[in-house]
Amino acid sequence: MPEERPLTDAQRRILKEQATERPGSSPLNHEKRSGLYRCAGCGAELFDSGTKYESGSGWPSFYDAKPGAVSIRTDTSHGMARTEAICAGCGGHLGHLFDDGPQPTGQRYCMNGAVLDFEPAEQGKDKA
Ligand SMILES: [Zn+2]
């Protein structure tokens, strides 16, 4: 049995019920340090801080994900056809993917900060 990581109610609602956090509510909106963003549900590495950018949306935004870390599927809830971003590790809902991001990918991973665990890079350690 995989070990269940303890989740807050807010995290559970996002990961399991595709809820969306209030824009501007995540402290990660303002996180500028270099490091790694992991899935709060399973600990999988999802994003590198190098791909984070300020989208002005009120949600932490990235223009690329770690290879194979994020799966996508079409979400037709709320009468819209959107592309849902899902953790490839645990299947939890992370946010949505839009095609209005900056180069080089032109993509915007619009994430719920509540389901991202930020891990600051250790001083003096080489980044891969
Ligand atoms: Zn996960």
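In this chain, numbering begins with 1 at the start of the sequence shown. Order of appearance sets the numbers: ligands from 1, and atoms from 1 within every ligand.
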The protein N, O or S atoms lying under 2.8 Å from the Zn ion (ligand 1) are Cys39 SG, Cys42 SG, Cys87 SG, Cys90 SG
Residue set satisfying salt bridge (charged side-chain N to carboxylate O under 4.0 Å, His left out) with Asp9, at least two apart, ordered chain then number -> Arg12
With sequence neighbours left out, the residues meeting side chain to side chain donor-acceptor pair (under 3.5 Å) with Arg73 are Glu84
Applying salt bridge (charged side-chain N to carboxylate O under 4.0 Å, His left out) to Glu31 and not counting sequence neighbours gives Arg33
Minimal heavy-atom distance between Phe47 and Asp64, with the atoms involved, is CD2-O, 3.2 Å
Can you tell me if CG on Asp100 sees more than 12 non-hydrogen neighbours from other groups inside 6.0 Å? yes
- Task: For the residue pair Phe118 and Tyr37, categorise the inter-ring angle as parallel (less than 30°), tilted (30 to 60°) or perpendicular (more than 60°).
- Result: tilted
